[in-house]
Amino acid sequence: MATTTLPPLTKKDFQTDQEVRWCPGCGDYAILSAVQSVFPELGIPREKFVVISGIGCSSRFPYYMNTFGFHTIHGRAPAVATGLKLIRPDLEVWVATGDGDALSIGGNHTIHMLRRNVGLKVLLFNNRIYGLTKGQYSPTSEIGKKTKSTPYGTADRPFNPVSLAIGSEATYVARTVDVFMQHMKDTLKSAAAHKGAAFIEILQNCNIFNDGAWHDLTEKEVRSEHVVQLEHGKPLIFGKNRDKGIKMDGLELEVVQLGNGVTEKDLLIHDEHHPRASYAFVLAHMEHRPGFPTPIGVLRNWGDVPRYEDVVTTQIKDVIAKKGAGDLAKLLLAGDTWEVKA
Amino acid sequence: MATTTLPPLTKKDFQTDQEVRWCPGCGDYAILSAVQSVFPELGIPREKFVVISGIGCSSRFPYYMNTFGFHTIHGRAPAVATGLKLIRPDLEVWVATGDGDALSIGGNHTIHMLRRNVGLKVLLFNNRIYGLTKGQYSPTSEIGKKTKSTPYGTADRPFNPVSLAIGSEATYVARTVDVFMQHMKDTLKSAAAHKGAAFIEILQNCNIFNDGAWHDLTEKEVRSEHVVQLEHGKPLIFGKNRDKGIKMDGLELEVVQLGNGVTEKDLLIHDEHHPRASYAFVLAHMEHRPGFPTPIGVLRNWGDVPRYEDVVTTQIKDVIAKKGAGDLAKLLLAGDTWEVKA
Amino acid sequence: MATTIETPRQIKKEVLDKAVIRFCGDSGDGMQITGNQFTNTVALYGNDLATFPDYPAEIRAPAGTLPGVSGFQVQFSSGDVYTPGDSVDALVAMNPAALKMNLADLKPNGILIVNKDDFGETDLRKAQATSNPLEDHSLDAYRLFAVELTRLTRVALQELGLDAKSMDRCKNFFALGMCFWLYNRPMDSTVRWLDDKFSKKPLLAEANKRAMKAGYSFCEATEAFQISYEIPPAHLSPGTYRNLSGNQALALGFVAASQKSGLPLFQGSYPITPASDILHELSMYKDFGVTTFQAEDEIAAITSAIGASYAGALAITTTSGPGMALKTEAMGLAIAVELPLVIVDVQRGGPSTGLPTKTEQADLLQALYGRNSEAPIPVLAAATPGDCFWMAMEASRIAVKYMVPVILLTDGYLANGAEPWRIPKLNELPEIPVKFVTDPTNFHPYSRNPATLARPWAIPGTPGLEHRLGGLEKQDVTGNINYEPLNHEHMVRLRAAKVEAIVQDIPDIVPVGDPEGDLLIVAWGSTYGAITAGVNAQRALGKRIGHVHLRNLNPFPRNLGEVMQRYRHVLVPEMNMGQLVLVLRSKYLVDAQGFNKIQGRPFKQAEIEGKIEEILD
Amino acid sequence: MATTIETPRQIKKEVLDKAVIRFCGDSGDGMQITGNQFTNTVALYGNDLATFPDYPAEIRAPAGTLPGVSGFQVQFSSGDVYTPGDSVDALVAMNPAALKMNLADLKPNGILIVNKDDFGETDLRKAQATSNPLEDHSLDAYRLFAVELTRLTRVALQELGLDAKSMDRCKNFFALGMCFWLYNRPMDSTVRWLDDKFSKKPLLAEANKRAMKAGYSFCEATEAFQISYEIPPAHLSPGTYRNLSGNQALALGFVAASQKSGLPLFQGSYPITPASDILHELSMYKDFGVTTFQAEDEIAAITSAIGASYAGALAITTTSGPGMALKTEAMGLAIAVELPLVIVDVQRGGPSTGLPTKTEQADLLQALYGRNSEAPIPVLAAATPGDCFWMAMEASRIAVKYMVPVILLTDGYLANGAEPWRIPKLNELPEIPVKFVTDPTNFHPYSRNPATLARPWAIPGTPGLEHRLGGLEKQDVTGNINYEPLNHEHMVRLRAAKVEAIVQDIPDIVPVGDPEGDLLIVAWGSTYGAITAGVNAQRALGKRIGHVHLRNLNPFPRNLGEVMQRYRHVLVPEMNMGQLVLVLRSKYLVDAQGFNKIQGRPFKQAEIEGKIEEILD
Ligand SMILES: Cc1ncc(C[n+]2csc(CCOP(=O)(O)OP(=O)(O)O)c2C)c(N)n1
Ligand SMILES: Cc1ncc(C[n+]2csc(CCOP(=O)(O)OP(=O)(O)O)c2C)c(N)n1
Ligand code: SF4
Ligand code: SF4
Ligand SMILES: [Mg+2]
Ligand SMILES: [Mg+2]
């Protein structure tokens with residue numbers, strides 16, 4: 001198409017004149033910057049990008065992206081995006097949402113969009129708090145958390161967004177972290193390459209209402225001990241000196257010390273294309289256990305499921321191919337009719 | 001309490017004078033009968049039972065149960081029941097719902113109720129169709145299904161209610177079938193014994209709008225080939241001559257022929273109390289694969305998670321124990337006050 | 001009972017200008033099919049008609065019980081027909097329950113056909129009948145024909161080797177055959193229909209045909225009736241006609257709007273009685289490029305439609321009361337971002353789940369005011385089943401011309417009721433011109449068309465038009481988020497002015513009947529038929545009455561206030577507690593009086609006439 | 001700029017009857033705390049007062065920019081105070097952005113204190129200021145005091161060894177100290193508050209105290225001001241007072257209702273501005289047995305509350321406009337099953353997401369009519385922050401007495417605004433008697449209390465009372481599902497009659513001001529203060545005006561129609577496009593006129609007076 005002959009797009013092309021209105025130090029800035037630098041690399045003309053969001057700090061995202069953007073209502077972004085995709089499957093539609101937006105009020109639309117495998121890229125900004133409304137707990141807040149609405153601590157067990165997505169038949173599930181810029185960019189690129197619904201949980205810090213939400217995973221001293229990076233075809237290794245690994249024995253994962261006998265060969269080699277959703281489910285659950293690191297990267301990448309919008313539009317094309325394009329006059333005259341003479 | 005001295009309750013005690021208004025032959029009758037015969041065996045006074053439902057044929061259930069009953073609005077039963085439970089944790093609250101009620105419009109309330117582990121017994125009547133509205137497809141309808149609203153077949157991949165529940169952190173997940181009366185009763189009893197949220201998918205036939213939805217699993221000739229019954233501590237065996245079994249090798253399940261070398265010892269021994277949710281998840285997924293039977297019975301039974309209503313009410317009790325019961329006069333006078341003299 | 005014997009030898013044929021017949025029986029007796037076949041036949045013959053299918057409520061009742069009774073009524077005439085008729089000339093009752101539920105509507109000395117074989121002990125008990133009406137003389141006031149429908153049908157089908165169950169399923173066609181004879185109607189269209197419907201099961205086609213013919217010949221042979229009737233064709237305006245229910249008409253109207261506008265049609269919907277059929281209809285029109293999306297709930301239904309509209313489709317969402325309630329937040333979004341959208345509310349009885357299969361007009365105030373903050377929205381209402389076609393096109397036209405969501409109200413009575421509909425020529429259809437912006441040079445997402453105040457429709461994928469939409473208050477023209485006090489007031493008034501501007505497309509109203517006089521009836525929606533019939537009858541008695549039937553409920557036609565001044569009284573009949581009348585009184589300070597029926601059923605002509613007499617006599 | 005030098009040697013002390021001061025600065029400058037501390041101090045001293053906190057919108061703006069400006073205004077007086085004041089006598093502006101956004105409201109020759117240290121290049125750029133107002137003479141019309149707040153604060157704190165950032169965080173207390181001096185107010189209550197708030201961080205307490213005292217002595221020493229002011233205590237009715245915001249008052253009111261009724265309080269809520277604070281407050285009152293449930297969305301919030309009410313709790317759900325829209329379907333259920341419930345709508349600017357932090361009164365019609373079918377519901381509205389306490393109790397009382405859901409309307413202005421509130425003695429609180437049925441002998445779930453038409457409250461767990469509730473239409477008394485036409489009409493009218501019956505609890509209204517005359521102002525909600533002030537001022541000029549402020553919006557007080565007849569004009573000021581006026585015109589056919597402001601801010605007294613003059617002069 002014409003656009004390919006135009007000068008290649010740059011990060012600047014995706015920035016708006018709108019003043020970015022997040023708190024200084026908010027993790028959202030990094031995510032914005034990552035997306036703005038990945039989009040130009042996708043070789044897609046700018047007018048083909050649409051960013052849809054709900055309501056929340058994270059959902060301000062579209063205002064700062066110089067693409068088509070729609071800041072809808074709380075929790076409904078996946079449904080709006082589904083309608084858009086059904087009419088325009090050719091567009092590159094990204095959804096920016098928060099842990100409250102996507103998993104609390106919007107939970108139903110999120111799981112249905114995933115089971116349908118609508119061709120959307122979903123960026124879930126998980127700061128484990130309601131930022132925009134100034135600090136109530138969210139469905140990802142750790143149990144017992146004291147917040148504005150729970151001065152004595154929450155009583156709710158949180159969702160693990162990744163397990164919920166897998167339980168909803170998601171075909172692509174990944175996790176990255178606001179402060180791991182390169183990892184975030186790589187993950188976004190990998191998601192962009194997935195045809196169907198790509199669900200990306202981005203661990204994000206809200207330095208105002210939930211500062212340090214992810215310190216365990218992000219602080220220099222500890223991160224390498226608490227995070228294991230999943231890389232396709234590579235063993236699961238972590239630790240400051242990359243001296244720890246994860247073994248898989250049946251359903252059981254085990255943290256092992258490398259050396260004296262234990263080698264990389266004994267470790268679980270990550271297969272993001274593993275045919276069983278259970279595989280990703282097992283990985284997703286390790287973090288719930290003491291002594292285990294939190295996995296980041298692509299947990300599941302199952303390419304071979306048709307996109308919802310393609311199935312729907314193909315059905316229409318096939319019918320037209322078979323019956324021919326509908327003729328309105330014929331339609332109106334269908335069924336039992338009779339003449340009344342003048 | 002007094003009631004224990006009363007004559008024990010019988011099935012009749014749980015039947016109402018209301019004419020049961022389901023189509024002749026509907027699977028719902030069997031479910032009703034199973035529940036009415038299990039309730040008296042639970043040793044709970046009748047007035048402690050509450051049945052809450054949404055809207056749908058299945059949601060007519062409360063009208064036919066001589067207990068406290070509330071036929072609410074479409075999809076909201078889990079939320080209504082949560083409010084009830086938070087005020088009256090002592091009541092035995094059962095939710096009757098359909099695949100549309102619980103998983104389509106009510107999907108969000110269902111997953112949140114499960115993650116919170118509210119002490120409810122949820123009976124999901126899964127007939128893979130919208131019965132009450134006369135035959136549109138539901139989120140559990142098989143892909144490609146032709147229904148009133150999809151004359152050319154559905155484009156939606158269905159949910160597996162069991163995997164969705166497990167992905168939502170459910171502590172108890174079971175599956176039974178309307179025509180397996182004894183199995184249904186046993187399952188209901190087992191669910192009744194679970195403290196937290198018990199999620200029971202009941203495969204149910206809608207002989208009017210989706211007749212034979214489950215014939216593969218229920219027809220005499222084939223059922224034993226297509227269904228594997230999970231029993232705690234027992235190997236997974238199925239087949240007309242109980243000559244087939246399921247082996248577990250890592251994440252992989254395998255159907256094996258018993259005999260010549262292969263014995264029951266080689267088979268997977270079911271552990272409904274398996275500490276890993278992944279275990280139930282693996283079982284839930286076998287049915288998606290050619291040649292594998294559908295598991296029925298208790299997939300997951302994880303007792304040791306506190307009920308939501310207990311955590312909430314305990315928090316209140318603790319505060320009162322610590323601070324003493326609130327004094328209204330003091331509360332009104334709290335903070336900076338000043339006197340205005342006459 | 002030996003009616004048959006007592007019948008005299010030769011048969012009179014009486015010519016009438018109209019007749020009302022009702023078929024009723026158990027839900028399983030196929031009364032809707034029977035009624036529809038009878039309707040098609042009289043329609044093809046050229047009568048004007050109106051039908052009233054009355055399903056049992058959204059529950060499955062045991063066979064033979066009172067809640068399981070299903071009915072279908074049709075009035076057909078050589079003159080104009082506006083209602084299915086207040087009472088019936090002929091009643092076909094397949095079982096005691098049906099008889100009990102429907103007898104009250106049969107005229108004195110009316111024809112009553114019952115299935116004698118279904119009046120056994122148990123049948124009577126199921127109908128909670130204390131004695132057998134066929135024997136207790138409770139039916140003496142009618143011309144009773146107790147026919148052994150079951151036995152006679154079995155006899156007629158014996159050679160076909162069907163099981164009893166299948167044979168008995170044909171007895172409604174035996175009854176239909178009798179009615180065809182009674183009203184001197186040919187059976188050929190029904191024969192055609194059966195051949196077509198059972199093309200895969202020729203045996204069943206044959207069985208039903210034989211049953212029907214047996215019923216017909218039964219009358220011929222036994223001369224069961226002393227009399228038969230003839231209703232000559234009506235003088236409908238020339239053209240090609242078909243029968244159409246309101247829901248079918250809506251579906252066709254939206255397809256037509258899609259074709260005329262050149263926009264793909266998108267329907268986001270969640271099933272709900274009595275709106276589901278619109279989804280069923282449209283899901284069949286894939287050859288017209290129609291996309292139907294059965295969403296997870298009503299909120300996803302409307303928000304997906306908003307997404308489709310944003311993408312440049314003609315987007316609609318269809319529902320009934322409870323679903324309407326769930327869509328209100330999203331309507332606010334459509335209003336704020338100024339995207340076209342048609343929201344169809346097929347009203348049903350409420351509140352809450354209420355009476356799902358019964359009709360009502362009580363969602364008007366919700367449509368007008370049921371959103372947070374100042375969220376004005378155009379509201380239209382269809383008056384007859386066929387009118388649903390035109391209103392669907394008009395709602396679509398307004399939505400895309402003014403870039404605004406539009407609410408279209410119908411109800412359960414219109415949705416399921418049918419009437420002969422003159423099929424328009426394509427050139428009779430309104431134009432629906434649409435232009436997307438494509439030129440980036442000084443493009444502003446909230447710039448205004450001075451005439452319509454519409455903002456440009458700039459769809460994703462258009463180079464150079466990248467812009468942001470959202471539900472926060474925005475600055476006019478630029479669309480940038482803006483919280484300044486005066487800007488907010490400006491935008492609130494602008495959104496209101498935009499809706500008001502639609503009045504320029506609404507012709508001034510001309511009352512039907514007397515242009516001025518003693519009484520003006522102002523009404524809307526499905527009350528049209530009963531009111532028209534009632535007003536005609538009363539004007540024939542010399543009363544000076546006008547009738548205004550509003551299709552535009554927001555904004556109102558420009559001259560409505562002035563017109564109301566021309567009459568001594570203003571009466572507003574509604575199937576609610578007085579909703580339109582509330583708005584009229586407030587807007588025009590006119591002492592309009594409400595006339596309200598909240599029974600889940602349409603007004604009867606007699607009720608309208610009674611009220612008119614009460615006011616004017 | 002050398003104001004300080006020019007000041008004469010000795011200082012006048014002027015006694016005034018009232019003053020208005022506004023603190024404004026960046027969101028990070030702690031203006032809300034500063035304002036609250038000043039408010040507490042003048043309150044403790046015995047002045048009457050009203051406050052207006054004006055937060056930046058629900059977005060985090062970069063420091064120093066215009067959208068980031070936060071303000072807090074208080075009017076305090078020796079007389080009665082009804083509004084925070086139209087314009088301010090003294091303005092404290094911490095940076096150029098704040099100055100730019102607020103200067104317009106400063107009276108000519110008013111006192112203007114700015115932080116000289118924050119008027120550098122970048123500060124000015126962030127405020128989009130073209131030149132430096134401290135130098136371009138644009139401030140000559142005011143008494144400008146450009147003080148180096150930052151530097152002087154640092155000097156005052158240098159020995160404490162705090163980092164610069166922490167020191168600068170104290171500069172608002174330096175400014176506060178100056179204002180205390182300016183209005184001759186003691187610092188002790190603030191000192192107490194600081195010690196208490198920073199009990200764990202004594203160093204910060206010390207720092208803020210020093211900053212405040214430094215500000216105070218700065219005025220003393222430099223004699224910066226030529227003058228200081230004294231506002232004597234007001235003559236409030238005797239009693240114990242505290243400051244209370246509307247949201248706090250609601251929370252207290254519901255706890256009080258719970259205590260008086262003996263029912264446990266249950267709140268089902270989903271956070272939303274400006275209603276979230278009610279949830280925050282109630283979640284702290286566990287010692288009162290309060291259960292707060294933060295639901296997954298507004299639908300779960302209200303339906304969980306319905307479940308709690310079914311269980312026998314005093315159930316409430318709290319939200320704002322968009323959340324209200326989502327609750328409408330469930331309200332219909334509560335109406336159909338006739339369970340008590342209080343729904344609080346803290347109104348905000350719309351439509352859609354709109355202006356989340358700004359105030360509006362535009363949800364009235366939604367509250368009255370925003371549900372499918374005929375779903376009448378009682379509607380109450382609070383008039384002042386303190387009134388929220390009483391209305392919370394009244395809404396609860398009506399809900400449990402009549403077994404009906406009740407809507408209580410407040411708005412963003414009431415929610416955040418504060419006023420001195422006389423703390424009632426327990427015996428001044430209304431009784432809320434509640435009795436659950438326990439006797440199974442001829443128990444019927446829908447039997448009626450003849451006086452209230454309430455059905456019995458039969459909670460699960462009560463032996464012998466097992467029964468079924470649901471949203472389908474039901475037979476009266478038995479509660480069995482029933483679709484009969486006349487039963488439906490009976491039930492629709494009964495639900496309406498039940499709401500109407502509440503009128504027996506509503507005292508006839510007595511207009512404030514003239515009992516009859518030229519103009520009656522009918523209003524509701526947070527416009528109370530501005531209208532009262534405006535009416536008083538205009539009556540003082542001899543105009544004959546009455547003021548009716550409605551707390552009951554459905555049903556209305558019995559004599560409202562009659563009262564309106566006693567005046568030549570009826571004016572209805574509302575922060576919407578005319579919602580109450582629509583209902584009044586329709587119900588009473590009175591030519592009431594609307595006066596509408598839709599700017600996300602309250603009326604000013606001057607605006608009310610201007611309108612009165614326009615009508616009467
Ligand atoms: C219908 C509705 N309910 C509630 C709100 C208030 N609200 C806005 S954003 C939000 C949650 C924000 O949390 P999250 O989605 O995690 O986004 P974050 O601000 O943390 O990025 C809420 C409750 C709303 N705008 N609309
Ligand atoms: C808000 C709302 N939307 C839609 C409906 C219509 N409706 C009633 S039941 C139902 C689905 C029934 O399917 P399911 O939950 O599977 O129950 P089943 O009848 O199959 O037992 C629908 C769409 C409704 N009553 N309320
Ligand atoms: S509140 Fe938290 S999430 Fe929101 S912008 Fe500020 S730091 Fe970011
Ligand atoms: S429609 Fe289906 S599910 Fe409903 S009652 Fe009939 S058979 Fe049962
Ligand atoms: Mg968040
Ligand atoms: Mg179903």
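Convention: sequence-line order gives letters A, B, ...; per-chain numbering from 1. Quantities reported herein were computed from a predicted structural model and do not represent experimental measurements. The figures here come from the full heavy-atom set of this structure, side chains too, leaving out hydrogens, waters and symmetry mates.
Once rounded to the nearest 0.5 Å, the distance linking OH of C:Y270 with OG of B:S149 reads 10.5 Å. For the atom pair B:Y130 OH and C:I272 CD1, the distance stands at 11.5 Å (nearest 0.5 Å). For the atom pair CD (C:E281) and NZ (B:K148), the distance works out to 11.5 Å, reported to the nearest 0.5 Å.
Taking the side chain as every heavy atom from C-beta outward, C:S276 and B:K134 never approach each other to under 4.5 Å. Looking at heavy atoms from C-beta onward, C:D297 lies out of side-chain contact with B:S104 at the 4.5 angstrom threshold. Using a 4.5 Å heavy-atom threshold, the side chains of C:L326 and B:I105 count as touching. A 4.5 Å side-chain heavy-atom check between B:I55 and C:T353 finds at least one atom pair inside the cut-off.
B:T133 and C:P271 get closest at one heavy-atom pair: OG1-CB, 4.3 Å.
Evaluation of the side chain to side chain contact (heavy atoms under 4.5 Å, CB included) rule for C:A315 yields C:A305, C:A308, C:S309, C:L341 as partners, not counting sequence neighbours.
There is no contact between C:L282 and chain B, counting heavy-atom distances below 4.5 Å. Only the backbone of C:A295 comes within contact range of chain B, with at least one heavy atom under 4.5 Å from a heavy atom of that chain. Contacts of C:T65 with chain B are made by side-chain atoms alone, with heavy-atom separations under 4.5 Å and no backbone atom involved.
Between chain B and the residues C:E298, C:H280, C:M284, the largest count of heavy-atom pairs under 4.5 Å involves C:H280.
Residues of residues 74-86 of chain B lying under 4.5 angstrom from chain C, judged on non-hydrogen atoms, are B:H74, B:R76 by number.
Looking at C:S283, its side chain never comes within 3.5 Å of a backbone N or O of B:T150 through a donor-acceptor pair. In this structure, C:Q294 contributes its side chain and B:Y137 its backbone to a donor-acceptor pair below 3.5 Å.
No more than 12 heavy-atom neighbours from other residues, nucleotides or ligands sit within 6.0 angstrom of CD on C:E121.
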